[in-house]
Amino acid sequence: MSYSMAGGAHLPPRGSSGNHKKAVIITAVLLSLGVAAALGVVVSGAIYSIVRTADELDETRATSAAASAAESLRSQMAGTVRDNAFWDEAYRQLGSPTRDAWLIENWGFSTLDHPLYDMALVIGPDDKPLLHYRHGKAMRVQPGEFFDSSLARIVERARAADGLQGDVHAEFIGTVHGPAVIGAARIRPFIQGIPPPNPYILIFEKDLDAKTINETARKFNLRGLQLTDSRVDSTVAVPIRDVDGSTVGFLSLPSEKSGARSYERVRLLIFGAAAILLLLIIGIGMIGLLSVRSLAKEEARARRSSLHDHLTGVLNRPGLSEYVENLASDVSSSAMIGLCLVDIDGFKAINDLWGQTIGDQLLGAVAARLTKDLPVGTTISRLDGDEFAIVSVDAAGKVAHLQSAVSEAFAEPFTIGRREIEISVSVGVTEAVLSRANFHNLLRQAEMALHQAKHGSAGVTVVFHPDFEAELSEQAKLEQQLIDALDRRELKVAFQPVVDAGNGDLCGVEALARWNSKTGPIAPDIFIPLAERAGLIGILGSQILEEAIVQGSHWPGLQIAVNVSPVQLRNRYFAGGLKATLDKFAFEPHRLTIELTEGVLISDADQAKRSISEIKALGIKVALDDFGSGFASIGSLRQFRFDRVKLDKSLVANIEHDAKAAAVLDATVKLVNALGVPVTVEGIENRYQADFARDAGSHQLQGYWFSKPLSKEELNERFLRRDRLREFRVGGYDTVAR
Ligand code: C2E
Ligand code: CA
Ligand code: CA
């Protein structure tokens, strides 16, 4: 069954149970994302590092290749100079008259097409060039004008030669035609001896032109080797320095960038992998998002169901509480909130009569009717059992309308299956300024009003009044006093005699609780229901029982009757407690009678039945009290097999003036007797009533005419001393003429 709510109470999602799950999912997703992202970073880092390392390796290789090319140019020049300068013939020619011709013949002309030098220069001790040929022709410019200033240093070093291996100097040098390699050495005999005093220096020069560079490149297999003035982008350049350390040019090789090239080749694959990783990350994120979403939905569903009553579909108590609390924080301050507590009169009887299924259907129908009939802006909820709460908010403060709307809703009977069920409701109403409303306070006030409504007849509506609070606090005070009194065992027992209808003999006493509080005596009709409501009836009952049994032990042969409230009988351990008390005082079970009112038959009949059989099984007698005052039927008399029935005093009152009442008493006594159950008539206040009851067939009589309830001392005094018993008979019953 499901019913929509009038006005549609909207409840914001909130929850703590799902928060844990959510945190787990979010953590898992973040962890996966973190791992995936870290993986991406590590892999791309590795790729970058591989590319870098490969490129760096290339550069190192290229640098060293260029450097060795430069070195080979130099060492080649050194070798050429060595071969020519350390030459016996050349040395000899220096001192000969054919010297100049020889120099031109051997070195000058060879500059025309010599593969290893373009210029030959021989300098004498006075720095004058003896030979200065380039490309097969005598040079007209001075060597100092052709070469840069580092020439002087080379000549100087060549002159300083001491005849050891390092006597040949090959260097790079700047010339008017650009960078060149130059070699210089003293001309001397091939076999080294003491250096001659006047040094002549042989100098070869080779242009580092395109042809030379290309040849070198071919020789070293260095594709793209170039001589440049400055560093060129995307090349690896090695500076070419002269003897002074000044850069005269750069030998450069195109940078291989094999790492970058490999990267270019696998780039698509890497992009593919990255895309897959990205997809994975997005996938994980999506899954996480969906999980959290569905969790939130599930949570909202669970929350919704936890705030609604399953039977009727309207809000339940926590749902209403939250709804009201949300309202109170939302709405403008002048608005009023009204709360109606509706309790179906006699719902228990309906349940007992038609069965629980019908009862449930009726509750559903009530919820549906209220939802349909009550105005928009009204929220229905079922608090528990047959109790409904209706909340309405009115900016104009006219919540009073709610009351009449609720009463009207129950005017028509309910149709459940083929049954028409007419019900009345008791209603407690309260209202408050919404902005200051507190749900529990409102509910408490409405409950107080409902409590008052239920006190009277059915179908009553009571509006909360502040006096109720005082009443309630009075009750609370009284409850505390009762607790204290029980603590101090201040409750006393009065014993009311029960006499044999035949001979007037005292045959038993009924134990009745008495409370003499500090403020005076309080009637059992006040404190017994109070004890029942406050959960104190168990303690109270056992104190009275103990006292009655202790006294009863002093009165051998006398029946002791003790009143037991239905609330006590609902306790599964009641019979066990009873037995323990009997054992403790060694009291014969058959001398004890438990008096039960019919209330026990109505509420929780099953447990009552179990307790009654347990009590009977102990040998204790069970009497039905106050028969004739309520609903108890002949059927229940049979069903529970009571040992005695006590007719209610209301059946006796007035029989002397009311023939019909007398006939009812007479018939009732006969009826119970016919069922084989002995009868006690209580409330006998005069001789006529006593005679009538006895003549009708009552076995035992009880009432003020015989005796009011007495203290144990009074009872000892007046009845239990043998000589006084006669007095009782005379004063009471025995002398009555039959
Ligand atoms: P009850 O069990 O029907 O007890 C009989 C009540 O009728 C007693 O009132 C008694 O004083 C009163 N009564 C006796 N003879 C007459 C008479 O001739 N005329 C009139 N008008 N009344 C008479 P009491 O003591 O005020 O007790 C009221 C009720 O409180 C009892 O009704 C019983 O239901 C309950 N009660 C008393 N003591 C206990 C107890 O220890 N445990 C429980 N659970 N209930 C108790
Ligand atoms: Ca009684
Ligand atoms: Ca009674």
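One-based numbering, in listed order, for ligands and for the atoms of each. Heavy-atom basis, side chains included; hydrogens, waters and symmetry copies ignored.
Taking every heavy atom of Ile684 and a limit of under 4.0 angstrom, the matching atoms of ligand 1 come to 18 (O). For ligand 1, the atoms sitting less than 4.0 Å from at least one non-hydrogen atom of Gly703 are 15 (N), 18 (O), numbered in the order shown with element in parentheses. The Glu682 neighbourhood of ligand 1 comprises atoms 3 (O), with distances under 4.0 Å to a heavy atom of that residue.
Not one N/O/S atom of Thr597, from backbone or side chain, sits under 3.0 Å from the Ca ion (ligand 2).
Contacts with ligand 1 closer than 4.0 Å are made by no heavy atom of Lys646, backbone or side chain. Proximity of Asp626 to ligand 1, defined as any heavy-atom pair under 4.0 Å, is confined to the side chain (atoms from C-beta onward). Under 4.0 Å from ligand 1, heavy atoms of Ser565 appear from its side chain as well as its backbone. Within the 4.0 Å heavy-atom criterion, the part of Ile544 lying near ligand 1 is the side chain and not the backbone. Contact annotation: for Asp648 versus ligand 1, there are no heavy atoms closer than 4.0 Å. Here Asp625 has side-chain heavy atoms under 4.0 Å from ligand 1, and that is the only part of it that gets that close.
Here Leu472 contributes atom CG and Asp467 contributes atom CG; the two are 12.0 Å apart, rounded to the nearest 0.5 Å. Separating the CG atom in Leu383 from the CG atom in Leu341 is a distance of 6.0 Å, to the nearest 0.5 Å. The distance from atom CD1 of Ile560 to atom CD of Glu510, rounded to the nearest 0.5 Å, is 11.0 Å. Atom CG of Asn571 is separated from atom OG of Ser611 by 7.5 Å, given to the nearest 0.5 angstrom. From Phe640, atom CZ reaches atom CD1 of Ile612 across 5.0 Å, with rounding to the nearest 0.5 Å. Within the model, atoms CG of Leu363 and CZ of Phe347 stand 3.5 Å from one another, a figure rounded to the nearest 0.5 Å.
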Problem set entry | Stepwise side chain to side chain donor-acceptor pair (under 3.5 Å) test for Gln445 and Asn441 | CA-CA 6 Å; Gln445 294 183 351; Asn441 222 18; 5.0 Å; no
For this session: Evaluate the criterion side-chain contact (heavy atoms from CB on, under 4.5 Å) for residue pair Arg317 and Leu443; output intermediate values, then yes/no.
Result: CA-CA 10 Å; Arg317 186 184 290 264; Leu443 196 61; 3.1 Å; yes
For this session: Take Ile544 and Asn563 through the side-chain contact (heavy atoms from CB on, under 4.5 Å) test and state the conclusion after the steps.
Result: CA-CA 9 Å; Ile544 299 298; Asn563 294 285; over 6 Å; no
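Around atom 27 (O) of ligand 1, the closest heavy atom drawn from Ser650, Ala511, Pro524 belongs to Pro524. Closest heavy-atom approach to atom 7 (O) of ligand 1 among the candidates Arg514, Lys649, Glu595: Lys649.
With hydrogens and angles disregarded, no donor-acceptor distance shorter than 3.5 Å links the side chain of Gln452 to the backbone of Ala449.
The protein heavy-atom contact nearest to atom 21 (N) of ligand 1 is Glu685 OE2, 3.2 Å. Summary of contacts: the protein heavy atom closest to atom 11 (O) of ligand 1 is Pro709 CG, 3.5 Å. Nearest to atom 15 (N) of ligand 1 among the protein's heavy atoms is Gln496 NE2, 2.8 Å. Nearest non-hydrogen protein atom to atom 37 (C) of ligand 1 is Leu512 CD2, 3.7 Å. The protein heavy atom nearest to atom 28 (C) of ligand 1 is Asp525 OD1, 3.5 Å. With respect to atom 36 (N) of ligand 1, the closest heavy atom belonging to the protein is Ile528 CG1, 4.1 Å. Looking only at heavy atoms of the protein, atom 42 (N) of ligand 1 is closest to Asn563 O, 3.3 Å. Given atom 13 (N) of ligand 1, the protein heavy atom at minimum distance is Tyr704 CE2, 3.6 Å.
At a threshold of 4.0 Å, the pair Asp583-Lys579 counts as salt-bridged, since one of the basic side-chain nitrogens sits closer than that to a carboxylate oxygen. Contact check on Lys649 versus Glu685 returns no salt bridge, with no Lys/Arg side-chain nitrogen under 4.0 Å from an Asp/Glu carboxylate oxygen. Under a 4.0 Å N-O distance rule, the pair Glu547/Lys712 qualifies as a salt bridge. Checked for salt-bridge contact, Asp666 and Lys670 meet the test: a charged N lies under 4.0 Å from a carboxylate O. The pair Lys454-Asp345 counts as a salt bridge, with a side-chain nitrogen and a carboxylate oxygen less than 4.0 angstrom apart.
Counting only heavy atoms, the protein gets under 4.0 Å from atom 19 (N) of ligand 1. Within a 4.0 Å radius of atom 9 (O) of ligand 1, the protein contributes no heavy atom. Protein non-hydrogen atoms do not reach within 4.0 Å of atom 32 (O) of ligand 1.
Nearest to the Ca ion (ligand 3), among the N, O or S atoms that Glu682 has, is OE2. The Ca ion (ligand 3) lies closest to atom OD1 when only the N/O/S atoms of Asp625 are considered. Nearest to the Ca ion (ligand 2), among the N, O or S atoms that Glu595 has, is OE1. Glu510 contributes OE2 as its N, O or S atom closest to the Ca ion (ligand 2). Among heteroatoms of the N, O or S kind in Asp626, OD1 lies nearest the Ca ion (ligand 3).
Ring orientation note: the planes of Phe410 and Phe414 are tilted relative to one another, at an angle of 30° to 60°.
Close N/O approach between Ala513 and ligand 1 is found [any backbone or side-chain N/O within under 3.5 Å]. Note: no N/O pair closer than 3.5 Å links Trp705 and ligand 1 by distance alone. Note: no N/O pair closer than 3.5 Å links Gln702 and ligand 1 by distance alone.
No option in Lys646, Gln559, Lys621 other than Gln559 meets the side chain to side chain donor-acceptor pair (under 3.5 Å) test with Thr593.
Heavy atoms of Gly683 approach ligand 1 to within less than 4.0 angstrom.
For the residue pair Leu701 and Thr680, the shortest heavy atom distance occurs at N-CG2, 4.4 Å.
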